[in-house]
Amino acid sequence: MKRVYSLEDVCIGCHLCEVACITEHSRSKDPVRAFLHEENRPIARCTVEERDGGILSFSTNCRHCDEPDCLRACVSGAIQKDEAGVVRMDTEQCIGCWSCVMACPYGAVQRNVKAKKANKCDMCPDREVPACVCACPNRALVFKEGTPK
Amino acid sequence: MNYVIIGNSVAAVGAIRGIRKVDSEGTITVISRERHVAYGRPLISYLLGGAVTEKRMPYLPADFYEKNRVNLLLGREVVSVDSEASQVKLAGGDVIPYGRLLIATGGDPFVPPIEGMAGKERVFTFTTWDDAARIKGMSADIRKVVVVGGGLIGLKAAEGLHQIDKQVTIVELADRILSAAFDLNAGRIVAKKMKANGIDVINGDTAVRIDGEGEEIIGVTLKSGDFIPCDTVIVAIGVRPAASFLKGSGIEVNRGVVVDDTMRTSVPNVYAAGDVAEARDFFYGKKLPMPIWPDAYIQGDIAGISMAGGEIEYQGGLLMNSIELFKIPTISMGITNPDPGDRYEVLTYLDLGASVYRKIVLEEGRLVGAVLLGKVDRAGIFAGLIRQRVEVAPFKDHLLDPEFGFVHLPKEMRTTLFSPEGKAA
């Protein structure tokens with residue numbers, strides 16, 4: 001299956017992947033409205049890591065593992081793998097115990113502390129190519145076939 | 001093949017999925033003494049406290065058993081296993097033959113003899129949906145509760161009771177709560193928060209007598225001689241592998257059912273997984289019961305695959321717990337209280353006021369344990385470093401940083417994990 005991969009050599013640390021992720025998961029799907037006016041603004045499901053003032057940066061995200069550690073750790077059954085191989089989080093079912101945060105070796109599950117819900121990449125079900133990939137100005141994120149765990 | 005699984009929690013679910021990865025034809029029968037479909041067992045404190053409703057308890061999509069063609073026998077108890085005749089016997093006399101058997105019965109709460117306990121109406125354990133439902137159903141009559149045991153189960157019971165406005169005192173024999181996973185600092189931070197919420201935490205003491213006439217409880221007398229008034233007692237000292245029904249089966253049971261790295265027991269065609277099993281630990285290869293949810297899933301998965309003839313090997317159980325207590329998220333994993341000596345190096349960061357604590361345990365330059373309180377984000381990166389036995393000495397100065405991430409790791413590792421050229425380990 002296709003996954004999102006990041007290329008640290010060309011990432012400029014602009015965080016637009018995070019902005020795009022938040023926007024895509026907002027109600028309005030409009031960045032200005034999402035950031036300024038929406039209550040319970042979503043959190044980004046990708047994480048830009050930076051070091052030494054941005055000399056090194058890259059975006060990390062969910063690997064949609066074949067045998068997901070987050071799924072096995074989830075005590076409520078909120079995490080399930082769908083038929084396409086996408087690892088999905090049912091936030092209604094999530095109880096915010098952070099067992100998935102504990103288990104994911106990629107650090108790819110985010111805590112929405114305000115909502116007390118875990119969030120993770122859902123591969124943007126309404127789009128052909130995930131929003132983070134589309135938003136990356138210098139193609140530091142690519143969407144392609146690969147073989148993670 | 002005719003697969004029979006005793007027990008219906010997460011190890012059984014892992015096993016059902018494991019079997020179906022290899023064998024789509026065989027029949028699967030699941031026998032459970034509980035009357036519920038598989039449910040999120042750790043959710044019972046949320047059920048008691050009102051944070052989840054009964055509707056949210058089921059762990060699986062509604063069509064799971066049907067999709068995996070599982071014959072589910074609920075409310076039936078297995079009383080013995082005849083491994084020579086390859087059959088299990090149920091209470092009531094029914095006999096069910098098996099081709100491959102999985103013992104996934106989990107743990108039974110351990111209730112030590114406490115003077116005065118017999119005949120008391122409101123003494124509970126707290127490990128099942130029905131336990132939580134019973135306590136909730138009686139909650140109008142409950143005012144003050146003594147929880148005996150300050151481990152995971154006791155603390156979550158206390159939190160649930162607190163959420164429905166009950167007065168709670170926890171009595172814990174060790175010098176800190178959550179002594180198995182926490183160290184003194186972590187225990188202190190959480191205990192302080194609990195006390196601020198009006199929950200009494202008594203350490204270094206235990207209940208020796210339940211006082212009261214007939215069914216009525218008026219309080220608990222502690223070993224120290226102190227008397228704690230209460231009307232309800234929850235015994236949460238721990239769980240023991242639920243293996244007593246295996247007496248006479250020939251299956252080797254130590255503390256739990258002893259299994260090899262494919263989850264096979266000492267008897268042909270019989271496997272065990274989850275809290276009832278005693279499998280190898282990750283670090284030293286010692287066999288011991290490890291009653292934690294993710295590990296039960298993994299063991300179940302391995303057992304299922306093995307039972308169906310597939311090949312897979314257990315990596316060893318890694319102790320890990322994530323629990324939020326009174327709004328302090330806590331995650332602990334691996335070796336958290338190493339023996340003092342040169343063998344281990346311990347790094348800590350403590351901000352008592354902000355309830356933030358980080359402890360990192362290294363053994364010969366490799367990460368073997370961590371305790372994180374307050375800021376727990378991306379804790380799983382540590383779990384990955386432990387499991388992959390990564391040499392962390394080159395970047396150990398960054399491990400206490402709340403922003404610690406892959407950016408601090410060698411580039412080859414990132415390439416392996418994240419780039420399209422690489423293949424994740």
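Atom set for the values below is all heavy atoms of this structure, side chains included, hydrogens, waters and symmetry mates excluded. Just so you know, these numbers come straight off a predicted model, no measurement behind them.
- Only the backbone of A:Glu50 comes within less than 4.5 Å of a heavy atom in chain B; its side chain stays farther off.
- In this structure, the portion of A:Cys104 lying under 4.5 Å from any heavy atom of chain B is its backbone and not its side chain.
- For a residue to count as touching a neighbouring chain, one of its non-hydrogen atoms must lie under 4.5 Å from one of that chain's; by this rule B:Met333 touches chain A with the side chain only.
- Side chain of B:Lys359 to main chain of B:Thr336: a donor-acceptor pair is present (N/O by atom type, distance under 3.5 Å, no hydrogens or angles).
- Of the atoms belonging to B:Tyr59, heavy atoms from both backbone and side chain fall under 4.5 Å from chain A.
- For chain A, the nearby parts of B:Val407 are the backbone and the side chain; heavy atoms of each come within less than 4.5 Å.
- Under a 4.0 Å N-O distance rule, the pair A:Glu67/B:Lys21 qualifies as a salt bridge.
- Neither the backbone nor the side chain of B:Lys156 comes within less than 4.5 Å of any heavy atom of chain A.
- In terms of heavy-atom pairs under 4.5 angstrom with chain A, the leader among B:Leu60, B:Thr330, B:Ile298 is B:Ile298.
- Nearest heavy-atom pair, B:Gln299 versus B:Ala279, reported as atom, atom and distance to 0.1 Å: NE2-CB, 3.6 Å.
- Here B:Pro294 is the residue among B:Ala296, B:Gly40, B:Pro294, B:Pro61 with the most heavy-atom pairs under 4.5 Å with chain A.
- One finds a salt bridge joining A:Lys29 and A:Asp126 here, because a Lys/Arg side-chain nitrogen approaches an Asp/Glu carboxylate oxygen to under 4.0 Å.
- Aromatic rings of B:Phe404 and B:Phe382 (six-membered ring for Trp) have centroids within the 6.0 Å cut-off, being under it.
- Both the backbone and the side chain of A:Gln93 come within contact range of chain B, each with at least one heavy atom under 4.5 Å from a heavy atom of that chain.
- For B:Arg387, no part lies under 4.5 angstrom from a heavy atom of chain A.
- Of all the listed residues (A:Val113, A:Thr47, A:Ile95), the one sharing the greatest number of non-hydrogen pairs under 4.5 Å with chain B is A:Ile95.
- Checking side-chain atoms of A:Asp30 against main-chain N and O of A:Arg33 turns up a donor-acceptor pair under 3.5 Å.
- Note that B:Arg41 lies outside the cation-pi zone of B:Trp129, set by a 6.0 Å cut-off to the ring centre and a 45° limit from the axis.
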Under the criterion side chain to side chain donor-acceptor pair (under 3.5 Å), I'd like the reasoning laid out for A:Asp122 against A:His25: C-alpha separation, chi angles, the key distance, then a yes or no. CA-CA 10 Å; A:Asp122 58 4; A:His25 294 94; 2.9 Å; yes
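- For a residue to count as touching a neighbouring chain, one of its non-hydrogen atoms must lie under 4.5 Å from one of that chain's; by this rule A:Cys100 does not touch chain B.
- The residue among B:Leu385, B:Asp377, B:Ile386, B:Asn321 with the most heavy atom pairs within less than 4.5 Å of chain A is B:Asp377.
- Interface residue B:Phe406: backbone and side-chain heavy atoms are both found under 4.5 Å from chain A.
- Contacts between B:Asp295 and chain A at a heavy-atom distance below 4.5 Å are absent for every atom of the residue.
- Contact tally against chain B (heavy-atom pairs below 4.5 Å) for A:Gln80, A:Gln110, A:Arg111: the top residue is A:Arg111.
- Contact count versus chain B (heavy atoms, under 4.5 Å) is highest, among A:Cys70, A:Ala78, A:Cys74, A:Ala103, for A:Cys74.
- No cation-pi contact links B:Arg17 to B:Tyr297, judged by a cut-off of 6.0 Å to the six-membered ring centre and 45° from its axis.
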For a ring pair (Phe, Tyr, Trp, His ring centres under 6.0 Å) check, start with the C-alpha distance between B:Tyr39 and B:His36, then their side-chain angles and the critical distance, and finish with the verdict. CA-CA 7 Å; B:Tyr39 60 92; B:His36 306 285; 5.7 Å; yes
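- Formation of a donor-acceptor pair under 3.5 Å by the B:Tyr314 side chain with backbone atoms of B:Gly317 is found in this model.
- Both the backbone and the side chain of B:Ile381 come within contact range of chain A, judged by heavy atoms closer than 4.5 Å.
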